[in-house]
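Heads up: the structure comes next, in structure tokens.
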2 protein chains.
Amino acid sequence: MGIFSKSCEYGLRAVVYVADASAEGRKVGVKEVAEEIDSPVHFLAKILQNLSKQGILSSSKGPGGGFFIEKSALNLSLAKVVEAIDGRSLFEGCAMGLKKCSAKKPCPLHDDFGMIRSKITKMLESQTIGDFRDNLLKVDYFLDT
Amino acid sequence: MGIFSKSCEYGLRAVVYVADASAEGRKVGVKEVAEEIDSPVHFLAKILQNLSKQGILSSSKGPGGGFFIEKSALNLSLAKVVEAIDGRSLFEGCAMGLKKCSAKKPCPLHDDFGMIRSKITKMLESQTIGDFRDNLLKVDYFLDT
DNA sequence: AAAATAAAGGATATACTTGTCTTTTATTGA
DNA sequence: TCAATAAAAGACAAGTATATCCTTTATTTT
């Protein structure tokens, strides 16, 4: 994999798609989202349920229902989305898996890797879901894969 | 997982351990390496075989045999080790998995992520196996986990 | 030549991720 | 109330990473 899991890639794409629909006042079903972001329907369903449970997305059942995002949630950072799906492993631990590695006794990758980590963190924390959608709208392919 | 797979963590630790033994003119068996770097023996065996096949480590069978590293291979970068084990996925592709994402039509993470990528690459390419061993020797835990 | 050693290779097991399918629950509208 | 809709939930299947075990091959030593 790349830096994110497949779940996380789908999750990020889905969140921005839902955000876009919500901006138009539309709720969207899993099937529609899956088609638009090119992901397996049922697998995505789990991801969206998880994101709902964690308060990042919202959902309503029944006719006219579907997934949507609250205005306030647009201010959540991408880091929140990533953490909700992949957990904190991307943000923690020694690159080589050395348990004794620490700032005081750093392994040879520790400092460089720490910098990289903080840049990843910054990248994900400095962009909100709302920003992300606005920025992605600017490219003419949006979410086509 | 962190940024590297478990195989890759074990591989990096093993390579530096073998390099250390080779500096003392010793060849080392899988079992010894596995114990010292805290990894499953048979699983590590596969990894070491792979690294041998790819010319990063060397090995000899029979009594007195084991794994070692050629002087010349000490100049190989950590990037080579990572690539031998995890392939190039860490170095390629859009963070969100968008196939149409490119420098011309970048997704909102593209530029930041590109920078991060190049830092990861630089970190791994600028340190050779030999450097890595020398640096790791400086911390008093070496490879204790 | 025989025995011992150690890597190489293959078969299998387990866990986790990814993906699919079916049933259940909640909600809406007729 | 009944039918339709859509998420929630659970069971299951496939694929990949991780881990173990056993056999084979090459080498060395006796």
Side-chain angles (χ1 to χ4, degrees), chain A residues 1-15 17-18 21-22 26-35 37-69 82 84-87 89-90 97, chain B residues 1-15 17-18 21-22 26-35 37-69 82 84-87 89-90 97:
Chain A
M1 278 312 315
I3 205 154
F4 302 133
S5 69
K6 220 90 181 86
S7 296
C8 198
E9 288 184 1
Y10 294 153
L12 285 167
R13 305 216 294 266
V15 163
Y17 183 80
V18 171
S22 289
R26 278 193 314 126
K27 291 175 184 169
V28 283
V30 189
K31 209 170 142 202
E32 174 185 338
V33 180
E35 272 161 16
I37 73 164
D38 189 36
S39 78
V41 194
H42 300 284
F43 187 50
L44 182 64
K46 305 293 185 188
I47 297 168
L48 296 184
Q49 279 165 32
N50 176 25
L51 290 171
S52 285
K53 209 176 301 182
Q54 304 213 34
I56 291 168
L57 295 182
S58 306
S59 69
S60 58
K61 291 181 173 182
F67 290 91
F68 60 98
I69 188 165
V82 171
I85 299 172
D86 278 353
S89 66
L90 187 60
Chain B
M1 279 312 313
I3 204 155
F4 302 133
S5 69
K6 221 94 183 76
S7 298
C8 199
E9 288 183 0
Y10 295 152
L12 285 167
R13 304 216 294 265
V15 163
Y17 183 81
V18 171
S22 290
R26 278 192 314 126
K27 291 175 184 171
V28 283
V30 188
K31 209 171 142 202
E32 174 184 339
V33 181
E35 271 160 18
I37 72 163
D38 190 35
S39 79
V41 194
H42 300 283
F43 188 52
L44 182 66
K46 304 295 182 184
I47 297 168
L48 296 185
Q49 279 165 33
N50 176 25
L51 290 172
S52 285
K53 209 177 302 185
Q54 304 212 34
I56 290 170
L57 295 182
S58 306
S59 69
S60 59
K61 292 182 175 181
F67 290 92
F68 59 99
I69 188 165
V82 171
I85 300 173
D86 278 353
S89 67
L90 188 59

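Here is how names work: the chains are called A, B, and so on, in the same order as the sequence lines, proteins then strands, and each is numbered from 1. Scope of the values below: all heavy atoms of this structure, side chains included, with no hydrogens, waters or symmetry mates.
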Show the nearest heavy-atom pair for residues B:Ile69 and B:Val18, with the distance to one decimal.
N-CG1, 4.0 Å

In whole angstrom, give the distance that lies between atom CG of B:Asp86 and atom P of D:dA17.
9 Å

Would you kindly give the CD-to-C1' distance between A:Gln49 and D:dA9, to the nearest whole Å?
7 Å

Rounded to whole angstrom units, what separation is found between the CG atom of A:Leu57 and the P atom of D:dA6?
17 Å

Given that A:Met1 and A:Gly62 both sit by DNA chain D, which one's nearest nucleotide is further toward the 5' end?
A:Gly62

Between B:Ser60 and B:Phe68, which heavy-atom pair has the shortest distance, and what is it?
N-CE2, 4.0 Å

Quickly work out the A:Phe43 CZ to D:dA11 C1' distance and round it to whole Å.
16 Å

Any donor-acceptor pair under 3.5 Å from B:Arg13 side chain to B:Ile37 backbone:
yes

What is the distance from CD of A:Gln54 to P of D:dA8, rounded to the nearest Å?
13 Å

Spacing between A:Lys53 atom NZ and D:dG10 atom P, to the nearest angstrom:
8 Å

Please give me the minimum heavy-atom distance between A:Asp86 and A:Cys8, naming the atom from each residue.
OD2-CB, 3.3 Å

Should B:Ile85 and B:Phe4 count as side-chain neighbours, where that means a heavy-atom distance under 4.5 Å?
no

Using whole Å, report how far CG of A:Leu51 lies from C1' of D:dA8.
14 Å

Any donor-acceptor pair under 3.5 Å linking the side chain of A:Ser89 with the backbone of B:Met1?
yes

If you check every side-chain atom of B:Lys61, which of D:dT25, D:dA19, D:dA8 has the closest atom?
D:dT25

Contact interval (first through last nucleotide) of DNA chain C with protein chain A, 4.0 Å heavy-atom:
C:dT18 to C:dT28

Tell me which nucleotide among D:dA19, D:dA8, D:dA9 gets nearest to the side chain of A:Lys46.
D:dA9

Please report, rounded to the nearest Å, how far the C1' atom of D:dT27 is from the CZ atom of B:Phe68.
13 Å

Any idea which heavy atoms bring A:Ile56 and A:Ala84 closest together, and the distance?
CD1-CB, 3.6 Å

Pairwise 5' ranking along DNA chain C for B:Asn50 and A:Ser39, keeping only the more 5' one:
B:Asn50

